[in-house]
Amino acid sequence: MNSRDIYKSNEYRTEIDGIRAFAVAAVIINHFNKDILPYGYLGVDIFFVLSGYVITSSLRFRKSNNFKEFICGFYARRIKRIIPALLFFVITSIILTCFFQPIPRISINTGFSSLFGLSNIYLAKIGTDYFAQSTELNPFTHTWSLGVEEQFYFIYPFLIWLSGFNKTKNYKNILLLILIFFIPSFISFFHFYSPYQSSSIFNKAYFLMPFRFWQISLGCIAFLVLDNNLKIRGFIEKIPSLIPTILLVTIMFIPFNIPRTSTILVSLLTAGLLVCIKKNDKPYKWYTGSDRAAISKKIIRK
């Protein structure tokens, strides 16, 4: 059974939830103690790739009679999915912040801007250093990644509609449109994302969506590769999914200061994992928890 069989047999891929859990755990460990997992923050980059895959999968099967129905339906689903939990989090955290922070202005501004998907822009504007210890006092700093994704959503549905992908499944058109944005985004990221650049340029390359578009669109491309009979799919599917899984973990433990290289590698490995993972693979069982379920059944039987 190949990875395409997983996709065809079940539109909802349960292993993606497992990969998300791995990414969340990596970020939490990194924030808890950077010495344990120096590059654990790259779990956010894994999320970007997964988001691109999931959103393309969602739009692939979405039927719409006209553009208004298509775009309004898309944004209505995004709002229902994101805003209720985000609103509760922001209100609760702002109240608590006012009690514990003597000067909570930056935190409050970040929280309010996150409700509109703009916290990443605000953090870049005030020159926030994501890796500085002072940033940990702002409970809304991590909402920058949500801002990147929400801004991506203001572009990508239009590309889907313009390409006709949701109607005719025209892979060449949507792939071409993605690459038009992907290439300058990747070049900009590669050039500016370095701690050796001036802090203002590095901060913009870290926080702003144009520098991150290529990561989310990698997930989009992974879906297109898997959904269509592209030549590269056969090559990627031959790669055992254990390899990208091990490499993802290894990169997060690397003690060297190579943020740009590690970010690119993690993004590529995540996209490759989405294509090459198979149901009979060990990583698939890890991500879906089927190994634990099987062990539990054995224990119960005993």
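Nothing here was measured: the structure is a model prediction, and the numbers come from that model.
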Quiz item: Among L118, T128, V44, I121, which residue meets the side chain to side chain contact (heavy atoms under 4.5 Å, CB included) test with W144?
Solution: V44

Quiz item: Applying the side chain to side chain contact (heavy atoms under 4.5 Å, CB included) test to V266, which of I251, T261, L247 qualifies?
Solution: I251

Donor-acceptor side-chain pairing of [X] and [Y] below 3.5 angstrom:
X: T143; Y: S119; answer: yes
X: T288; Y: E15; answer: no
X: Y156; Y: T56; answer: yes

Quiz item: Once you round to the nearest 0.5 Å, how far does CZ of F211 lie from CG of N203?
Solution: 11.0 Å

Self-check item: Other ILVMFWY residues reachable from F47 by side-chain steps of under 4.5 Å
Solution: V24, I28

Quiz item: Can you list every side-chain hydrogen bond (donor to acceptor under 3.5 Å, both in side chains) pair that touches residues 89-105, not counting sequence neighbours?
Solution: Q101-S107

Quiz item: Partners of T141 by side-chain contact (heavy atoms from CB on, under 4.5 Å), sequence neighbours excluded?
Solution: L123, Y130, T135, N138

Just wondering, do [Y] and [X] contact through their side chains at under 4.5 Å, heavy atoms?
X: W286; Y: D281; result: no
X: I46; Y: M252; result: yes
X: L226; Y: Y53; result: yes
X: L274; Y: V225; result: no
X: F48; Y: L218; result: no

Quiz item: Which pairs with one or both residues in residues 38-57 pass salt bridge (Lys or Arg N to Asp or Glu O under 4.0 Å), sequence neighbours excluded?
Solution: D45-R212

Heavy-atom closest pair, residues [X] and [Y]:
X: M209; Y: V148; answer: CG-O, 3.4 Å
X: S267; Y: V49; answer: O-CG2, 3.7 Å
X: K278; Y: E237; answer: NZ-O, 2.6 Å
X: C276; Y: I236; answer: CB-O, 3.2 Å
X: K285; Y: N280; answer: CE-O, 4.4 Å
X: T263; Y: Q215; answer: CG2-NE2, 3.5 Å

With sequence neighbours left out, what residues match [X] under ring-ring contact (aromatic ring centres under 6.0 Å, His included)?
X: F140; value: F89
X: F181; value: F213
X: F182; value: none

Show the atom names and distances, to 0.1 Å, of all donor-acceptor pairs under 3.5 Å that link a side chain in residues 70-86 to residues at least two apart or in another chain.
unit_1, atom_1, unit_2, atom_2, d
Y75, OH, Y153, O, 3.0
R77, NH1, G73, O, 3.1

[X]/[Y] aromatic ring centres below 6.0 Å:
X: F131; Y: Y41; value: yes
X: F202; Y: Y193; value: yes
X: F192; Y: Y206; value: no

Hey, any chance [X] and [Y] share a hydrophobic cluster, counting ILVMFWY side chains that come within less than 4.5 Å of each other, even indirectly?
X: I183; Y: I232; result: yes
X: F88; Y: L96; result: no
X: L137; Y: F100; result: no
X: I95; Y: I108; result: yes

Exercise. Classify the ring geometry between F189 and W214 as parallel (under 30°), tilted (30 to 60°) or perpendicular (over 60°).
Key: tilted

Practice problem: State which residues pass salt bridge (Lys or Arg N to Asp or Glu O under 4.0 Å) with K125; sequence neighbours excluded, sorted by chain then number. | Solution: none

Exercise. Could I get the full list of salt bridge (Lys or Arg N to Asp or Glu O under 4.0 Å) partners for D129, not counting sequence neighbours?
Key: none

Quiz item: Is it true that atom CZ of F116 has more than 12 heavy atoms of other residues, nucleotides or ligands lying nearer than 6.0 Å?
Solution: no

Quiz item: So does K34 have more than 12 non-hydrogen atoms from other groups sitting under 6.0 Å from NZ?
Solution: yes

Quiz item: Taking only residues two or more places apart in sequence, or in another chain, which ones meet N30 in a side-chain hydrogen bond (donor to acceptor under 3.5 Å, both in side chains)?
Solution: none

Quiz item: Taking only residues two or more places apart in sequence or in another chain, which ones pass side-chain hydrogen bond (donor to acceptor under 3.5 Å, both in side chains) with S113?
Solution: none

